[in-house]
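What follows is a short report on a single structure.
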Amino acid sequence: GKGEYDHFMLKEITEQPTSLAQALEGRIDSANGRIALADFEPGTFADVDSVQFVACGTSYHAALYGSLVLNQAGIRSTALLANEYSVSAPPVDDDTLVIAVSQSGETADTLAALRQATAAGADTLTVTNVVGSTAAREADDALFIRAGPEIGVAATKTFSSQAVMLTLLAQRIAADRLGDPPADLEALLAELEAMPGRIERLLDESTARGIADRYSDSESYFFIGRGLGFPVALEGALKFKEITYEHAEGFASGELKHGPLALVTPETPVFAIFTGQEDEKTLKNAEEAQTRGAPVIAVCPDGHPAVDAADEHLAIPETVPDLAGLLANVQLQLVSYYAADLLDRPIDKPRNLAKSVTVE
Ligand code: F6R
């Protein structure tokens, strides 16, 4: 049940320290500075030349996150919407690994893409929450995120577990393929182990409710981020629109000036996500919106230059760029939740939506 919580969504947001610790359990070998994935011996991915991710919705945002980590680690990769795959799949060969990311493992679009990739001769892997799901049975291999059941239609804890597992998997693929673990792997693993505690602190100290309250009668809500902040901006906007029924859009920070700026007014708050990847550019992009009257909410650590420049601050603990966006995402989940609650929306079961979409 929901226990002390008004909604499953808030319960599941609050569970993230535990669900992430479960995802990581036994998968980080700190003594040797290595990633330990049972079923995937070191060297498993040595022949992987390129990776295609296929997924929908929130899982697509996690897939994009994983794909960016892989590209940054030097492995060719791309994230594709599973529902577009049938008309526009890039070519695959025996050295292509296709990774289907799906919380339920039952999404029809994602299963169709997985089957198409298998038929085309790719190796396949699924990253899923559900043991025994169709994706887990049909893919060559499965990596489970162990988030536990998620009841709220809006995916929350499963997104963070997907993104963390995909980050680990990306680093493992890169280490297998390139022969050496990346130089900064040990630091990343230590930061990963610190994530549950950091999310705990963030949840305790969050100012999300006040921010949701102050901007709750805005016209439209924008989310911007660069690098690994970009998938988080997309996810922040998806969560916001699906449970508040208000218009929200996510953009790559640098895209704002290529069109969307025309929409910016004092009625369009801009949530700017800072991950430590060219933050000075993102700050400049946010300031361009602020000049047009938009309130800017900076999602960044205390002491960051954006704190003084912005109108509001959602604080995240300091960490490495590979993980900062995931902390920002938790703050944005809370903003969406409180905004929807103020508007009295049926948070756990938004209109027109189902937890598992089993038609194409
Ligand atoms: C959004 C949401 C959906 C799902 C999408 C894919 O909060 O939950 O966008 O992410 O329908 O579902 P799975 O991950 O089960 O394949």
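Remember, predicted model here, so these are calculated numbers, not experimental data. One-based numbering, in listed order, for ligands and for the atoms of each.
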Atoms of ligand 1 less than 4.0 Å from [X] heavy atoms?
{"X": "Ala154", "answer": "7 (O)"}
{"X": "Cys56", "answer": "5 (C), 6 (C), 10 (O)"}
{"X": "Gln103", "answer": "13 (P), 14 (O), 15 (O), 16 (O)"}
{"X": "Glu242", "answer": "1 (C), 7 (O)"}
{"X": "Lys239", "answer": "1 (C), 7 (O)"}
{"X": "Ser59", "answer": "10 (O), 13 (P), 14 (O)"}

Run the ring-ring contact (aromatic ring centres under 6.0 Å, His included) test against Phe159 and tell me which residues pass, sequence neighbours left out. none
SB check Glu246 Arg345 (cutoff 4.0 Å): yes
Would you check if the distance from the ring center of [X] to the ring center of [Y] is below 6.0 Å?
{"X": "His247", "Y": "Tyr221", "value": "no"}
{"X": "Phe223", "Y": "Phe251", "value": "no"}
{"X": "Phe222", "Y": "Phe271", "value": "no"}

Would you say the side-chain atoms of Glu12 pair up with the backbone N or O of Ile151, donor to acceptor, closer than 3.5 Å? yes
What part of Lys355 sits under 4.0 Å from ligand 1 if we count only heavy atoms: the side chain, the backbone, both or neither? neither
Counting heavy atoms under 4.0 Å, the part of Val153 that contacts ligand 1 is backbone
Would you check the N or O atoms of Thr110, main chain and side chain alike, for any that come under 3.5 Å of an N or O of ligand 1? no
Starting from atom 15 (O) of ligand 1, what is the nearest protein heavy atom, named by residue and atom, and what distance separates them? Ser104 OG, 2.7 Å
Which residues share a side chain to side chain contact (heavy atoms under 4.5 Å, CB included) with Asn71, sequence neighbours left out: Ser67, Ser77
